[in-house]
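The next block holds one structure in the form of structure tokens; read it before the comments.
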Amino acid sequence: MGVVALILGIISIVLGFTSVLFAWIGFILGIIGIILGTVSKKNAPIEKKGIATAGLVCSIIGTILCLLLYIACAVYINKLGGLNALF
Amino acid sequence: MGKIGFYIFNHFIAYYGLTIVIGLIVAFIIAFIQTKRNNLIWNDFIIITSTGGLFGIIGAKILYIIVSFHTIDFSKIIDISYLFSIMQGGFVFYGGLIGGLFGIWTCQKFFHIDVQKYIQYCITCLPIVHGFGRIGCYIVGCCYGIPYEGSFCVIYHNSFYAPNNISLFPIQLVEAIGNFIIALFLFTFSKKMKGYTSLYIYILIYAIMRFFLEFMRNDSIRGLFYNISTSQIISIMIIVICCKKLAST
């Protein structure tokens with residue numbers, strides 16, 4: 001579970017750095033990574049806690065990066081004709 | 001005022017996302033203090049908030065799609081950039097709340113965590129994050145108010161959302177302040193509100209506040225039914241449910 005969290009965390013970091021369009025996917029993957037990382041950290045034996053912690057940290061960083069790319073709160077985006085209109 | 005974001009080293013930062021991140025940091029600091037004070041397990045708190053957050057986002061998106069059904073062009077849904085633009089923006093708070101509560105329920109079911117204590121002491125986090133989110137709305141100009149020319153009015157010049165060069169009521173800031181007052185109230189009386197009482201009180205106060213603030217909002221795109229918005233209809237239902245629950249506790 002820790003390894004999965006680490007992979008999801010790395011993917012969300014990459015998405016957070018590269019694409020506004022894919023940020024929402026990175027955000028969801030990051031949150032799933034945080035859940036898996038925390039569950040793994042809680043239940044895993046001591047020797048496997050390192051990977052779980054790394055997965056948790058990567059997922060938190062990825063989630064924050066993707067969250068910073070999130071555009072708006074309410075509606076309207078489709079009214080504007082897609083993201084292209086914003087940039 | 002009204003711009004969506006800014007750039008740091010060619011990396012786009014959305015104001016709304018930034019205010020949410022600041023809100024999350026503040027909320028987590030308060031939650032950390034509450035968990036230490038009341039002998040709760042920090043890891044369990046993270047699992048509850050993450051699961052609640054995940055389902056909350058799904059719920060907020062589903063309700064957004066329901067209420068703005070008429071504005072979405074489903075013939076363009078196979079266009080990847082259009083689909084992603086719908087996924088990127090557009091959330092309805094009440095959908096998030098319902099989804100989040102479902103997420104917390106699944107947490108109790110699958111991770112066997114006693115969520116009652118965490119809700120009692122950490123429910124404060126929710127209005128804090130929401131309040132900061134509303135500050136983000138104020139900065140970018142979404143969720144804007146009715147035309148108004150009194151004190152504290154706001155005029156946007158470059159907003160993608162709000163009508164530009166028109167004096168508007170700062171409804172976002174009023175809701176943010178309301179959320180912070182609710183957070184302060186919940187933090188102060190968290191010890192006295194046992195079980196799910198704090199959750200019901202939070203939802204009840206917010207629903208009453210939201211019902212009246214909706215009259216000052218001007219973004220009817222979220223759906224209107226006989227001059228009553230979707231959020232007001234949900235507010236009435238939530239007020240009735242919470243009153244019943246509080247009466248039975």
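Keep in mind the model is a prediction, meaning the values are calculated, not measured. Chain naming here is simple, since letters A, B, ... match the order of the sequence lines and numbering starts at 1 in each.
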- Query: More than 12 heavy atoms of other residues, nucleotides or ligands under 6.0 Å from CE of B:Met209: is that the case?
  - Reply: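 Counting other residues, nucleotides and ligands, CE of B:Met209 exceeds 12 neighbours.
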
- Task: Take atom CZ of B:Phe215 as the centre, draw a 6.0 Å sphere, and report whether it contains more than 12 heavy atoms from other residues, nucleotides or ligands.
- Result: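 Result for CZ/B:Phe215: enclosed.
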
- Message: With a strict 4.5 Å heavy-atom criterion, list every residue of residues 29-37 of chain A that contacts chain B, or say none.
- Response: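 Checking residues 29-37 of chain A against chain B gives A:Ile31, A:Ile32, A:Ile34, A:Ile35.
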
- Pairs of heavy atoms under 4.5 Å with chain A: top-ranked of B:Ile20, B:Val21, B:Thr19: B:Val21

- Query: Can you pull out the residues in residues 39-50 of chain B with any heavy atom less than 4.5 Å from chain A?
  - Reply: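 Against chain A, the residues of residues 39-50 of chain B that fall inside the cut-off (heavy atoms, under 4.5 Å) are B:Asn43, B:Asp44, B:Ile46, B:Ile47, B:Ser50.
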
